Amino acid sequence: AGATRYFWRAAAKGNAIADLMSRAPYRGRSPVFLGDDLTDEAGFALVNEQGGVSVRIGPGETCATWRMADAATVRHFLGLWAQTGHPDFS
């Protein structure tokens, strides 16, 4: 399965993720959502409710379950995930 990118307004991020996760091929899967600002918090909250993985990029208060320091860290993480087929959030 490939990745899908949505463009949405901040207030609707949680709703957009819920909509995506209700459709094939995402239905029944666990969401993964990465974000870097306050407008991403609704998305983090929804992903957490669905038992997925929420990742805050950079500093700041968050309800995300994980944090990555910066975009370079995200690129490195995604590269490893692509190589191994398994994410390592440790």
Side-chain angles (χ1 to χ4, degrees):
T4 298
R5 184 168 182 168
Y6 262 58
F7 293 91
W8 49 56
R9 291 177 293 148
K13 287 184 181 180
N15 293 336
I17 294 168
D19 179 59
L20 254 181
M21 299 309 296
S22 71
R23 300 171 184 258
Y26 306 105
R27 188 179 313 114
R29 296 184 179 197
S30 296
V32 176
F33 180 65
L34 291 81
D36 63 357
D37 62 43
L38 183 60
T39 66
D40 296 316
E41 291 300 316
F44 296 148
L46 186 281
V47 167
N48 294 345
E49 288 173 16
Q50 292 194 356
V53 175
S54 57
V55 183
R56 167 70 183 218
I57 303 163
E61 289 189 35
T62 187
C63 69
T65 55
W66 295 92
R67 183 181 304 271
M68 293 186 188
D70 52 32
T73 304
V74 173
R75 284 190 297 276
H76 178 75
F77 165 78
L78 292 175
L80 291 175
W81 190 354
Q83 287 178 338
T84 66
H86 302 286
D88 180 5
F89 291 99
S90 58

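On a predicted model such as this, the values are computed, not experimentally measured, just so you know.
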Tabulate below the donor-acceptor pairs under 3.5 Å that side-chain atoms of residues 78-86 make, not counting sequence neighbours, or state none.
unit_1: Thr84; atom_1: OG1; unit_2: Leu80; atom_2: O; d: 2.9
unit_1: Thr84; atom_1: OG1; unit_2: His86; atom_2: N; d: 3.1
unit_1: Thr84; atom_1: OG1; unit_2: His86; atom_2: O; d: 3.0

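Ser30 and Gly52 get closest at one heavy-atom pair: CB-CA, 4.3 Å. Here the closest non-hydrogen pair linking Phe33 and Asp40 is CE2-O, 3.5 Å. Shortest non-hydrogen contact noted between Trp66 and Val53 is CD1-CG1, 3.8 Å.
Evaluation of the side-chain hydrogen bond (donor to acceptor under 3.5 Å, both in side chains) rule for Thr65 yields Ser54 as partners, not counting sequence neighbours.
If you take CZ on Phe44 and CG on Leu34, they are separated by 7.5 Å, rounding to the nearest 0.5 Å.
Within the structure, salt bridge (Lys or Arg N to Asp or Glu O under 4.0 Å) pairs that include any residue of residues 44-71 comprise Glu41-Arg56 (at least two apart or interchain).
Formation of a donor-acceptor pair under 3.5 Å by the Asp19 side chain with backbone atoms of Asn15 is not found in this model. Using modelled atom types, no side-chain atom of Arg27 and backbone atom of Met21 make a donor-acceptor pair closer than 3.5 Å.
At a threshold of 4.5 Å between non-hydrogen side-chain atoms, the residues Cys63 and Asn48 count as touching.
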